[in-house]
Amino acid sequence: MILLMLAVLVGCGDSGQELGGNPDLSAHVDLFEDVSESSGLDFTHFNGMHGSMYLIEIMGSGAALFDYDNDGDLDVYVNQGHMLGADTGVSDAIFQPKNELRDHLFRNDLVIDENGNRTVQFTDVTEESGINATGYGMGVAIGDYDSDGWQDIYVTNWGSNQLYKNNGDGTFTDVTDTSGTDTNELSSSASFVDVNRDGHLDLYVCNYVVFGYDTHRQCYIDTGAASYCGPESETPVPDRLFINNGDGTFADKSAESQIARIATPSLGIVGRDFTGDGWVDLYIANDSKGNNLWVNQQDGTFVDEAVLRGCAFNMDGNPEGSMGIDAADIDGDGDDDLVLGHWNDETNTLYENDGSGNFVDSTSQFKLGVPSRGSTAFGMLWVDFDNDTLLDLYVVNGAVNILEHLLRENETYPLHQRNQLFRNIDGSAFEDISDESGSVCKPSEVSRGLCIGDVDNDGTPDILVANNSGPLRLYLNRSGDDNHWLGLALTTDNSKTIALDCRAEIITEGKTFWRSPRADGSYCSSNDPRILVGLGGISDVQKVIVHWPDGAIEEWSEVQVDQYNELHRGTGRELDGA
């Protein structure tokens, strides 16, 4: 049985060929429209800077796209900061706050008229939601930890983190203390991921370094001008792994799992089955240290095999300043490849999976190295923005060291840089089309968080960017509707609970796609967990095979192109599984 969620019939024209073409960028084309202001997303991040150049003021913030009220469209959560300094007040801030100093929740009140025209309109529901996140916000993770069909929120902060249970009536309850998920560190990204295949989402929390006003140091650039210190100036903190007990509480298994054996300044996480054994592994992006690939030993423990498997250091054997991260099958061979964002003097790095969980640095081959130099990448995600079947790459940038050319221009916050869009040309190389893509790469800002999701449910991926000390920006996809697409919402036995940690095999006559629901990835952010596959000129999908986290496999043969299909576990044809 297939329940058709949001029977959206757009982009249905058959091009007469298997794959769709790329948009003509010979002239400047606005591939995305900035609708932040018109849609009601009135939010500006406040980092509390007053001249002391604290490390944490350049780190936030993150954001999330998720459906908290189960009405079928994506809502927005965004982290906020507060004033920094032991003896300061808001009046001392270089930039005055424009919003209340708490995290904000915006409800999407999407309207589709009788002609199919879509209007995205957000309402700030922070107060009525009961969310009172007033810490110095860093990131957010979304997942249904109690399997009640409603998406819950985990907030990472400098200081105590918070877990908010979704009550299913538009309100949330802070269950941090009773759930056992509290930490009091400088946390960054987090991910809900079922590491032991028991059907309950566990929680991995990335921790950065020890930071306090008493440990703060002043650093300088080569010209002698004051600047921000990097992670090497502080002591790294081990990450945390909380195992879900299945009763609304978690147990801190950081030590027993071996995760806490290594302390690194971690900023990004993706949970995927990189080794192909049916168990979720954890890849961690570390700032200035070798990255970690925690391979699941299937007994509650993990072993870091990043060095052994070729994804700890780049091709020159050097650690890099890793911030943003994503994983997807970008070369079409059925396994998940990795991409990581790095700082100005490095390139972004692509690690290609050979099918067995071993990786090779293929950055040069895919032509992603040279155009990424000179930019510091935080949020980054694979996204088929034009639905031509090939995964492109969007990267948001913002420096962490004072940029001399901006300092000479007397910029107050001399860290801003433009974001970048890389188009996948043929599955083996990328082209930087930032200058031709329009508004999505036009502003020069200090961008950090990045989320991808279909905000207006038209079958094209939209982009949400969270800027540090800058506005929240929503870009709706306007790249065209000539290509076909397939939307999938994979749900557990509870028809409202979105399944994570599974894989979908989408089989067409000419091509097979492998996709995973992804809430994690990017930087300090959470994404639309629905799968959206660009089909180009392919107008029919023969079948979808879902590989569930516990090894079970099901097949659906009646899925509809150009709309979202909700596939409930237990309603497909069972296949022999692991």
Side-chain angles (χ1 to χ4, degrees), residues 5 64-68 70 74 77 139-154 163 165-166 181 189-206 241-244 246 250 268-274 277-284 294 296 325-329 336 381-382 451-454 487-506 514-522 525-533 544-554 564-570 572 577:
M5 183 181 69
L65 286 171
F66 73 120
D67 185 7
Y68 85 89
N70 283 344
L74 296 174
Y77 186 95
V140 56
I142 302 296
D144 181 11
Y145 79 91
D146 53 359
S147 301
D148 65 352
W150 299 88
Q151 299 294 300
D152 308 299
I153 303 172
Y154 187 75
L163 176 62
K165 171 182 166 54
N166 192 329
T181 56
S189 297
S191 175
F192 283 103
V193 56
D194 184 5
V195 300
N196 54 9
R197 305 206 324 182
D198 67 351
H200 303 294
L201 290 177
D202 309 301
L203 177 64
Y204 190 100
V205 181
C206 295
L241 178 61
F242 297 97
I243 298 299
N244 195 327
F250 291 77
I269 175 175
V270 287
R272 303 286 189 277
D273 176 16
F274 291 109
D277 63 359
W279 292 73
V280 174
D281 309 301
L282 304 166
Y283 188 86
I284 311 300
W294 292 109
N296 198 325
I325 184 175
D326 199 15
D329 180 17
D336 282 328
L381 290 168
W382 301 113
C451 316
I452 299 291
D454 187 2
L488 299 174
L490 308 181
T491 62
T492 63
D493 298 334
N494 182 326
S495 64
K496 294 293 185 180
T497 299
I498 296 291
L500 303 176
D501 310 321
C502 51
R503 303 191 76 205
E505 188 178 359
I506 299 100
W514 287 88
R515 296 290 187 268
S516 297
R518 56 121 183 251
D520 60 10
S522 188
S525 298
S526 190
N527 303 285
D528 183 355
R530 299 175 297 178
I531 293 174
L532 180 59
V533 185
V544 172
I545 300 175
V546 177
H547 301 253
W548 298 105
D550 62 0
I553 303 175
E554 285 184 278
Y564 283 96
N565 301 261
E566 192 168 297
L567 307 185
H568 298 307
R569 179 167 180 169

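Bear in mind the structure is a predicted one, so any value in this text is a computation, not a measurement.
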Which label fits Y154 and F192: parallel for a plane angle under 30°, tilted from 30 to 60°, or perpendicular past 60°?
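The rings of Y154 and F192 stand perpendicular, inter-plane angle above 60°.
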So which of D67, L74, L490 actually passes side-chain contact (heavy atoms from CB on, under 4.5 Å) with R530?
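For R530, the side-chain contact (heavy atoms from CB on, under 4.5 Å) test succeeds with only one of D67, L74, L490, which is L74.
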For F250 together with Y145, are the ring centres under 6.0 Å from each other?
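Yes, close enough.
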Please determine if D550 and R569 form a salt bridge, counting it only when a charged side-chain N lies under 4.0 Å from a carboxylate O.
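Looking at D550 and R569, the cut-off is met.
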Can you find a pair of side-chain heavy atoms, one from [X] and one from [Y], that are under 4.5 Å apart?
| X | Y | answer |
| --- | --- | --- |
| F66 | I153 | yes |
| I498 | D144 | no |
| F274 | D336 | yes |
| I142 | Y68 | no |
| D520 | V270 | yes |
| V280 | D194 | no |

Decide whether D454 and Y564 meet the rule of one side-chain donor and one side-chain acceptor closer than 3.5 Å.
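Checked: D454/Y564 side chains pair up, N/O donor to acceptor below 3.5 Å.
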Candidate list D501, D326, D528, test salt bridge (charged side-chain N to carboxylate O under 4.0 Å, His left out), partner R518, passing option
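Going through D501, D326, D528 one by one, the salt bridge (charged side-chain N to carboxylate O under 4.0 Å, His left out) with R518 is satisfied by D326 alone.
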Could R272 and Y283 be counted as a cation-pi pair, given that NZ or CZ must be under 6.0 Å from the ring centre and within 45° of the axis?
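Not satisfied by the 6.0 Å and 45° rule.
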